[in-house]
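Just so we're clear, the structure is a prediction, and the values are computed from it rather than from any experiment. Every chain is numbered from 1, with letters handed out A, B, ... down the list of sequences.
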Protein chains: 2
Amino acid sequence: MLETHTDVPASRSPEQAASSPQLSLQSTGCRNVQPVLSRVGDKWSVLIVMILSQGPRRFNELKRQIDGISQRMLTLTLRGLERDGLVTRTVEASVPPKVTYALTELGESLREPVEALGHWAMAHIACIRAAQEGFDARASQ
Amino acid sequence: MLETHTDVPASRSPEQAASSPQLSLQSTGCRNVQPVLSRVGDKWSVLIVMILSQGPRRFNELKRQIDGISQRMLTLTLRGLERDGLVTRTVEASVPPKVTYALTELGESLREPVEALGHWAMAHIACIRAAQEGFDARASQ
DNA sequence: CAGCATCCGGGTGGATACTG
DNA sequence: CAGTATCCACCCGGATGCTG
């Protein structure tokens with residue numbers, strides 16, 4: 001569980017902090033946040049994390065369960081997740097080889113904010129689609 | 001990415017109507033969630049949303065405030081956000097023209113889950129970096 | 001001021017073939 | 001089974017130049 005939720009009380013940045021140019025919002029927070037956002041926005045990472053949250057999986061189990069992924073992207077994505085410390089890779093030296101992937105605690109803790117985003121998406125998808133259709137209709141005419 | 005194209009309706013089977021305990025991101029939810037995740041993972045969208053959450057901004061205000069963005073990407077990103085109904089674009093027909101961008105309620109509501117993700121990122125960035133360095137060290141030797 | 005048009009380099013990701 | 005290696009199409013995104 002993630003009770004280390006250092007709840008930052010949303011220190012509203014007072015717009016233009018005069019002296020220091022607009023490096024406040026970018027370099028301070030976003031340099032750290034952006035890589036994480038990229039991982040979440042990645043085509044396959046979140047899906048893999050969600051599947052692994054149900055339990056460890058072997059390589060081809062994942063491949064079968066994720067419709068449309070190429071083995072190249074599965075490998076690459078798993079390597080990336082492993083590198084970030086979100087997933088562990090366990091090799092059992094047998095014939096045939098058996099490799100098991102599982103979520104780390106870090107990976108597990110990522111599920112909460114990601115699911116929050118997922119819930120937001122589910123709750124507002126109709127609203128978004130409507131906006132898109134309106135926009136497209138306006139643009140085409 | 002910015003092309004959150006309106007996906008096919010894809011009539012849902014009514015099997016898991018209201019009994020799904022967990023938000024299944026693989027089957028039903030994935031198609032709805034993924035475009036949103038792409039937007040969040042987008043290089044500039046979240047940054048723009050965060051800035052606009054402090055109040056409406058004009059085009060060049062945003063451009064000045066967002067270090068490193070090209071005006072092409074600013075335009076494209078704002079169009080995408082507008083299309084998704086997250087941002088409004090208001091043109092004041094004057095000379096010189098004045099265009100103001102502001103968050104919609106939908107855009108404002110996105111801030112919460114995104115900030116949750118941001119907090120997660122800030123809280124675990126050290127952990128992630130350590131994992132990455134360990135991984136890289138292991139890989140290079 | 002607020003864009004759009006164009007070019008183009010680099011990275012993402014799919015398809016395919018091969019290995020331990 | 002679980003990858004690696006290679007080729008390649010696409011398109012993201014920066015730079016530049018031009019409009020109203």
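Distance from the side chain of A:Met73 is smallest to C:dG14 among C:dC1, C:dG14, D:dA2. Taking only side-chain atoms of B:Gln71, from C-beta outward, the nucleotide of D:dG3, D:dT16, D:dG14 with the closest atom is D:dT16. Each of D:dG13, C:dT16, C:dG3 was ranked by its minimum atom distance to the side chain of B:Lys43; first place goes to D:dG13. When the nucleotides D:dG3, D:dC1, D:dG13 are ranked by their closest atom to the side chain of A:Arg58, D:dC1 comes out on top. Of the candidate nucleotides C:dG14, C:dA2, D:dC1, D:dC1 has the atom lying nearest to any side-chain atom of A:Asn60.
Taking atom CD on B:Glu82 and atom C1' on C:dA2, their separation rounds to 13 Å, with Å as the unit. Rounded to whole Å, the distance from CD1 on B:Ile66 to C1' on D:dG14 is 15 Å. Between the CD1 atom of A:Ile69 and the C1' atom of C:dT16 there is a distance of 17 Å, given to the nearest Å. The CG-C1' distance, from A:Leu62 to D:dA2, rounds to 12 Å in whole Å. Rounded to an integer number of Å, the gap from CZ of B:Phe59 to P of D:dT19 is 18 Å. Taking atom CG on A:Asp42 and atom P on D:dC12, their separation rounds to 15 Å, with Å as the unit. Atom CG in B:Leu76 sits roughly 14 Å away from atom P in D:dC11 (whole-Å rounding). Atom P of nucleotide D:dC1 and atom CD of A:Gln65 are separated by 15 Å, given to the nearest angstrom.
Positionally, the nearest nucleotide of DNA chain D for A:Arg64 lies more toward the 5' end than for the other of A:Arg64 and A:Thr75. Where A:Trp44 and B:Lys98 each meet DNA chain C at their nearest nucleotide, the meeting point lying more 5' is that of B:Lys98.
Under the 3.5 Å distance criterion, the side-chain polar atoms of A:Glu61 are matched with a main-chain donor or acceptor of A:Arg58. Remark: side-chain polar atoms of A:Thr104 are paired, donor with acceptor, to backbone N or O of A:Leu86 under 3.5 angstrom. A donor-acceptor pair is defined here as one N or O able to donate and one able to accept, closer than 3.5 Å; such a pair exists between the side chain of B:Asp42 and the backbone of B:Trp44.
Distances shown here put a side-chain N or O of A:Arg79 below 4.0 Å from the OP1 or OP2 atom of D:dG3. Between A:Tyr101 and D:dG3, a side-chain N or O to OP1/OP2 separation shorter than 4.0 Å is present. Taking only side-chain nitrogens and oxygens, A:Arg89 never comes nearer than 4.0 Å to OP1 or OP2 of D:dA2. Checking the phosphate oxygens (OP1, OP2) of C:dG3, no side-chain nitrogen or oxygen of B:Lys63 falls inside 4.0 Å. The phosphate of D:dT16 (OP1 or OP2) has no side-chain N or O of B:Arg72 nearer than 4.0 angstrom.
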B:Val99 and B:Arg89: side-chain contact (heavy atoms from CB on, under 4.5 Å), yes or no, with the steps?
CA-CA 7 Å; B:Val99 180; B:Arg89 177 176 179 268; 3.7 Å; yes
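Side-chain heavy atoms closer than 4.5 Å link hydrophobic residues (I, L, V, M, F, W, Y) into clusters, and following such links, even through other members, never connects A:Ile125 to B:Val33.
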